[in-house]
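The block underneath contains the structure these notes are about, expressed in structure tokens.
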Number of protein chains: 2
Amino acid sequence: MVETTRRREIEDVASSLFRERGYSGTSVRDIARALDIQGASLYAHVASKQDVLWAIVDRMATRFEAAADAALEVADAEPDADPGTRLAALVRAHVGVITDDVERASVFVHEWRSLSTERRAEIGRRRDDYERRVRTLIAEGSATGTFTEVDPVVAAAYLLTAINGIVSWYRPDGRVRPETLADAYADIALRSVSP
Amino acid sequence: MVETTRRREIEDVASSLFRERGYSGTSVRDIARALDIQGASLYAHVASKQDVLWAIVDRMATRFEAAADAALEVADAEPDADPGTRLAALVRAHVGVITDDVERASVFVHEWRSLSTERRAEIGRRRDDYERRVRTLIAEGSATGTFTEVDPVVAAAYLLTAINGIVSWYRPDGRVRPETLADAYADIALRSVSP
DNA sequence: CCTACCGATCGGTAGG
DNA sequence: CCTACCGATCGGTAGG
């Protein structure tokens with residue numbers, strides 16, 4: 001599957017450039033240059049610049065969804081599963097997806113606005129669904145007294161923008177280890193809704 | 001000062017477009033069209049597209065700095081000034097600057113990367129200074145036992161990305177009132193570092 | 001603030 | 001994956 005690895009290389013390079021300069025600020029030639037091929041040659045592998053963006057964003061959306069599903073499933077399997085455990089598991093999973101691939105994660109967080117109208121709408125829906133899960137989780141914790149009384153909409157916005165904000169500063173070769181970060185963020189998040 | 005108001009109109013329109021489509025995704029003609037003038041006519045008022053971006057970003061940087069200064073000064077004047085009061089005041093001030101002008105704030109948060117090398121470096125320094133103040137505040141609270149023991153770097157990153165994240169979802173005509181938001185955010189922020 | 005215009009670059013296609 | 005090429009648009013200038 002030469003085709004597949006080349007596509008992946010293109011996505012890697014594009015993610016990195018999109019993160020640095022944005023989708024509009026990155027030309028097809030920029031991507032090609034990073035791969036040591038001619039601009040027009042890129043079209044042997046992709047249909048359009050837009051398709052590259054879509055591949056990155058769609059893949060990451062799926063990854064976030066899957067990670068949340070898996071984390072909540074595990075958390076629910078534990079005998080002492082409460083909203084706190086669930087929220088911590090969700091945060092840890094979300095942070096893990098980001099640190100595992102900051103470049104694509106950054107494109108997902110910031111560049112989905114450059115998607116074509118329909119694709120943008122789809123991602124908008126999926127983001128809404130995801131955010132709704134977080135809100136529900138917080139609302140449940142609030143209702144049972146595990147969490148303090150907060151506006152779930154505001155608290156979820158605070159939480160999600162904080163976590164997604166990792167894409168703006170995290171570097172894999174930096175001082176902060178992924179595991180440490182996941183723990184610290186789960187900790188802060190939990191404390192921020194504690195009574 | 002006709003010149004000044006026209007410049008302000010240009011900045012208003014540019015902020016709105018830069019927020020929606022990004023600096024690279026916005027053309028000089030887009031800005032001109034929103035003002036009902038010809039693309040080239042814009043150059044009667046501004047030297048370059050880059051200068052418009054700089055005007056917006058520089059103005060907002062100054063506003064954030066001034067708001068933080070004022071808030072901390074007031075907080076320190078109170079007899080029971082402790083790190084908690086100071087942090088709450090800082091958060092409220094920061095949120096206030098954002099809700100007061102989400103469009104420019106959004107450009108400040110997201111588009112400063114499109115600044116020319118030197119200007120980008122200057123804003124980088126000023127952002128670092130600002131972030132350092134937040135870290136110090138958190139570290140002081142940690143040391144005196146007002147706050148829990150946290151990594152000030154990680155906690156400050158969490159806090160600042162959460163607050164700046166307001167630019168990604170806040171709408172002046174939305175459900176959430178600016179004052180309510182400032183209170184709620186100060187509350188969550190304080191709780192997130194409480195023992 | 002306008003018209004007329006500039007060279008450079010854009011995303012993408014044709015045809016190998 | 002390359003060369004050659006396309007029309008459209010880019011930021012910006014000259015000269016009123």
Side-chain angles (χ1 to χ4, degrees), chain A residues 1-58 107 110-120, chain B residues 1-58 107 110-120:
Chain A
M1 289 277 150
V2 176
E3 179 68 357
T4 312
T5 54
R6 199 47 164 164
R7 278 274 328 202
R8 193 60 78 106
E9 280 178 330
I10 293 170
E11 272 187 49
D12 281 339
V13 156
S15 298
S16 172
L17 290 169
F18 290 169
R19 186 191 188 196
E20 276 174 47
R21 317 178 190 174
Y23 176 77
S24 305
T26 304
S27 75
V28 167
R29 266 101 181 150
D30 289 334
I31 300 171
R33 196 175 307 119
L35 293 161
D36 264 314
I37 59 173
Q38 294 300 313
S41 303
L42 207 71
Y43 290 90
H45 302 99
V46 303
S48 66
K49 184 186 165 190
Q50 172 72 211
D51 275 356
V52 178
L53 176 62
W54 172 246
I56 296 166
V57 173
D58 182 40
V107 174
H110 288 133
E111 305 302 328
W112 70 284
R113 289 161 180 279
S114 294
L115 249 20
S116 67
T117 315
E118 287 135 59
R119 288 168 165 176
R120 193 185 151 137
Chain B
M1 290 277 150
V2 176
E3 181 67 357
T4 311
T5 54
R6 199 47 166 163
R7 277 275 326 201
R8 193 58 78 106
E9 280 179 330
I10 292 170
E11 272 186 49
D12 281 340
V13 154
S15 298
S16 172
L17 289 169
F18 289 169
R19 186 191 187 196
E20 276 174 46
R21 317 177 190 176
Y23 176 76
S24 305
T26 305
S27 75
V28 167
R29 266 102 181 151
D30 289 335
I31 300 172
R33 195 175 307 121
L35 293 160
D36 264 312
I37 59 173
Q38 293 299 313
S41 303
L42 207 72
Y43 290 91
H45 303 99
V46 303
S48 65
K49 185 186 165 190
Q50 172 72 212
D51 275 356
V52 178
L53 176 61
W54 172 246
I56 297 166
V57 172
D58 182 40
V107 175
H110 288 132
E111 304 302 328
W112 68 285
R113 288 161 180 278
S114 295
L115 249 21
S116 67
T117 314
E118 286 135 57
R119 286 168 165 177
R120 192 186 151 135

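Basis for what follows: all heavy atoms, side chains included, without hydrogens, waters or symmetry-related copies. Here is the naming used below: chain letters follow the sequence lines, and residue numbers restart at 1 for every chain.
In this entry the distance linking CZ of Arg29(B) with C1' of dT13(D) reads 11 Å, nearest Å. We find that CD of Gln50(B) is positioned 15 Å from C1' of dC10(D), with the value rounded to whole Å. Summarising the geometry, the separation between OH on Tyr43(A) and P on dT3(D) is reported as 17 Å, rounded to the nearest angstrom. Across the protein-nucleic acid pair, Asp51(B) atom CG and dG12(D) atom P stand 9 Å apart, rounded to whole Å. Note: NZ (Lys49(B)) to P (dC10(D)) measures 9 Å, nearest angstrom. If you take CD1 of Ile31(A) and P of dT9(C), they are 17 Å apart, rounded to a whole angstrom. We find that CG of Leu42(B) is positioned 10 Å from P of dG11(D), with the value rounded to whole Å. As rounded to whole Å, 6 Å separates atom P of dC10(D) from atom CG of Asp30(B).
Counting non-hydrogen atoms under 4.0 angstrom, Thr26(A) reaches the backbone sugars and phosphates but no base.
Here the side chains of Ile37(B) and Arg6(B) are in contact, with some heavy-atom distance below 4.5 Å. Taking the side chain as every heavy atom from C-beta outward, Arg119(B) and Asp51(B) approach each other to under 4.5 Å. No side-chain heavy atom of Val57(A) sits less than 4.5 Å from a side-chain heavy atom of Glu111(A). With contacts defined as side-chain heavy-atom distances shorter than 4.5 Å, the pair Asp30(A)/Phe18(A) does not qualify. Side-chain contact between Tyr23(A) and Gln50(A) is present, with at least one heavy-atom pair separated by less than 4.5 Å. Side-chain contact between Val28(B) and Val52(B) is absent, with no heavy atoms from C-beta onward closer than 4.5 Å.
Each of dC1(D), dC1(C), dG12(C) was ranked by its minimum atom distance to the side chain of Val28(A); first place goes to dG12(C). Side-chain proximity of Ser41(A) to dC2(C), dC2(D), dG12(C): nearest is dC2(D). Closest approach to the His45(B) side chain among dC1(C), dC1(D), dG12(D) is made by dC1(C) (side chain taken as heavy atoms from C-beta onward).
A salt bridge between Glu11(A) and Arg8(A) is absent, with no side-chain N of the basic residue lying under 4.0 Å from a carboxylate O of the acidic one.
Between Ser27(B) and the phosphate of dT9(D), there is no side-chain N or O to OP1/OP2 separation shorter than 4.0 Å.
Comparing Ala47(A) and Gln38(B) against DNA chain C, the residue whose closest nucleotide sits nearer the 5' end is Gln38(B).
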Base-pairing string, 5' to 3', of DNA chain D - Watson-Crick or wobble, under 3.5 Å, | interstrand = ||||||||||||||||
